[in-house]
Amino acid sequence: MSRVFITGSADGLGLAAAALLLSQGHEVIGHARDAERAADLRRAAPGITGVAVGDLSGAAATRSIADQVNALGRLDAVIHNAGVGYRENRKVTTADGHAYVLAVNVLAPYLLTALIDRPARLVYLSSGMHRGGTPSADDLDWSRRRWNGSQAYSDSKLHDTVLAFALARRWPDVLSNAVDPGWVATKMGGRGAPDDLSLGAVTQAWLAVSDDPAARVSGELFYHQRPRAAHPAARSPQFQDELLTALADLTGVKLPA
Ligand SMILES: NC(=O)c1ccc[n+]([C@@H]2O[C@H](COP(=O)([O-])OP(=O)(O)OC[C@H]3O[C@@H](n4cnc5c(N)ncnc54)[C@H](OP(=O)(O)O)[C@@H]3O)[C@@H](O)[C@H]2O)c1
């Protein structure tokens, strides 16, 4: 049995991964943005061990999530699942002054990675759209560029992939991978999404807990339990280091060595 923390588990793929892991006899710690969504999560996944509460768009709340999770004891795996989508047609800025998509999709998983006691496995939700991401750590907050919501989402999913690969390189004792779940009909994916929703959470759950040698690898992007080519820039140690430096600057938190 493994203990797995899943961000954004009140809905969509996070809830599906929680349900799948619980059905396999694993222990799941969930996460929801507020008390109301935490109650929804407890109703939807009654077997859940605990629920960390906090809005991932703010650094203080994200730090508090890390504290809540650490207080519950050591984890075997973290699935960085929570995310916001590609349909933001105007730039939303958080109370901390960051682009909302960057804050939720990139700054939060980076902070949680740095602040949660190191688990044995890390899984980051990427997307096929990461291939259209801009391979640069400049202007992450879209202060100088004209806002493009779809591009901001693609960039954030490239950054998640880079995070997964950078952690695989920096922390060789941890298995760190990224997952493209396919385009599936969640709140984010929308009703017309063509891929199989029932398969959408399988790969991240498998990477988090399975002893299958195919799942016990690090530094890969998976699609339906198979490695898939990632944006070539995600493999560049230079780009990985530039991104980690930029994220440390934006959050004021350095990744532990
Ligand atoms: N669906 C797809 O087709 C698809 C394709 C490629 C990649 N992905 C990736 O898969 C992951 C999960 O997506 P999904 O389709 O399951 O999306 P979803 O149904 O919209 O669920 C996203 C989850 O994240 C939570 N969340 C969003 N913003 C948050 C915030 N500021 N603070 C706390 N929690 C927050 C949501 O909470 P609430 O429920 O309270 O809003 C929800 O539980 C994302 O990282 C996404 O980029 C999805």
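One is the number of the first residue; the rest follow in order along the sequence. Read the numbers this way: they start at 1 and go in the same order the structure lists the ligands and their atoms. What you are looking at is a predicted structure, and each value in this text was computed from that prediction instead of being measured.
For the side-chain hydrogen bond (donor to acceptor under 3.5 Å, both in side chains) with Tyr124, the lone residue among Thr113, Asn105, Asn177 that qualifies is Thr113.
In Asp11, the parts holding a heavy atom less than 4.0 Å from any atom of ligand 1 are both the side chain and the backbone. Contact annotation: for Val84 versus ligand 1, heavy atoms closer than 4.0 Å belong to the side chain alone. Heavy atoms of Tyr124 found under 4.0 angstrom from ligand 1: none, in either backbone or side chain. For Ala108, no heavy-atom contact with ligand 1 is shorter than 4.0 Å.
Counting only heavy atoms of the protein, atom 17 (O) of ligand 1 lies nearest to Met188 CB, 3.4 Å. Among protein heavy atoms, atom 26 (N) of ligand 1 sits closest to Arg33 NH2, 3.8 Å. When hydrogens are left out, the protein atom nearest atom 22 (C) of ligand 1 is Gly83 O, 3.8 Å; that is the closest non-hydrogen contact. Of the protein's non-hydrogen atoms, Ser126 O, 3.0 Å is the one closest to atom 7 (C) of ligand 1. When hydrogens are left out, the protein atom nearest atom 4 (C) of ligand 1 is Gly182 O, 3.7 Å; that is the closest non-hydrogen contact. When only non-hydrogen protein atoms are considered, atom 23 (C) of ligand 1 lies nearest to Gly8 O, 3.6 Å. For atom 31 (N) of ligand 1, the closest non-hydrogen atom on the protein side is Asp55 OD1, 2.8 Å.
Between His31 and ligand 1, no pair of N/O atoms sits closer than 3.5 Å. Considering backbone and side-chain atoms alike, Gly14 places every N or O at 3.5 Å or more from each N or O of ligand 1. For a threshold of 3.5 Å applied to N or O pairs, the pair formed by Lys187 and ligand 1 contains at least one separation below that value. No N or O atom of Ser127 sits closer than 3.5 Å to an N or O atom of ligand 1. At a 3.5 angstrom cut-off on N or O pairs, Leu56 counts as close to ligand 1. In terms of polar-atom proximity, Lys157 is counted as a contact of ligand 1, with an N or O under 3.5 Å from an N or O of the ligand. Checking only distances, Val184 does come within under 3.5 Å of ligand 1, N or O to N or O.
One finds no salt bridge joining Arg144 and Asp138 here, because no Lys/Arg side-chain nitrogen approaches an Asp/Glu carboxylate oxygen to under 4.0 Å. Salt-bridge formation is not detected for the pair Asp141/Lys91: no Lys NZ or Arg NE/NH1/NH2 atom is positioned less than 4.0 Å from an Asp or Glu carboxylate oxygen. Ion pairing between Arg3 and Asp76 fails under the 4.0 Å rule for side-chain N and carboxylate O. A salt bridge links Arg118 with Asp173: at least one charged nitrogen is closer than 4.0 Å to a carboxylate oxygen. Between Arg33 and Asp40 no salt bridge is recorded (no basic side-chain N to carboxylate O distance below 4.0 Å). Using a cut-off of 4.0 Å between Lys/Arg side-chain N and Asp/Glu carboxylate O, Glu36 and Arg42 are scored as not salt-bridged.
Interface atoms of ligand 1 facing Ala10, defined by a heavy-atom separation under 4.0 Å, are 43 (O). Which parts of ligand 1 touch Tyr100 is read off a 4.0 Å heavy-atom cut-off, strictly below it: atoms 31 (N). Counting atoms of ligand 1 from 1 in the listed order, those under 4.0 Å from a heavy atom of Ala82 are 24 (O), 45 (O). The ligand atoms of ligand 1 that sit less than 4.0 angstrom from a heavy atom of Gly54 are 33 (C). If you number the atoms of ligand 1 from 1 as listed, the ones under 4.0 Å from a heavy atom of Ser57 come out as 31 (N).
Relative to atom 48 (C) of ligand 1, the option among Leu41, Asp34, Leu13, Ile6 with the closest non-hydrogen atom is Leu13.
Rounding to the nearest 0.5 Å places CG of Asp55 at 7.5 Å from NE2 of His31. Interatomic distance, CG of Leu102 versus CG of Asp155, reported as 9.5 Å (0.5 Å rounding).
In this model, no donor atom of one side chain and acceptor atom of the other lie less than 3.5 Å apart for Ser218 and Ser176.
Across Ile48 and Leu22, no two heavy atoms sit closer than the pair N-CD1, 4.1 Å.
Judged by the shortest distance from any of its heavy atoms, Pro181 lies inside the 4.0 Å radius around the atoms of ligand 1.
Side-chain N or O atoms of Ser210 include none that pairs as donor or acceptor with a backbone N or O of Leu207 at under 3.5 Å. Proximity of a side-chain donor or acceptor of Asp139 to a complementary backbone N or O of Arg145 within less than 3.5 Å is detected.
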>> If you apply the rule salt bridge (Lys or Arg N to Asp or Glu O under 4.0 Å), what do you find for Arg226 with Asp180, and how did you get there?
In response: CA-CA 10 Å; Arg226 300 238 161 125; Asp180 169 3; over 6 Å; no

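Relative to the six-membered ring of Phe165, Arg235 meets both conditions, a distance below 6.0 Å and an angle of at most 45° to the axis.
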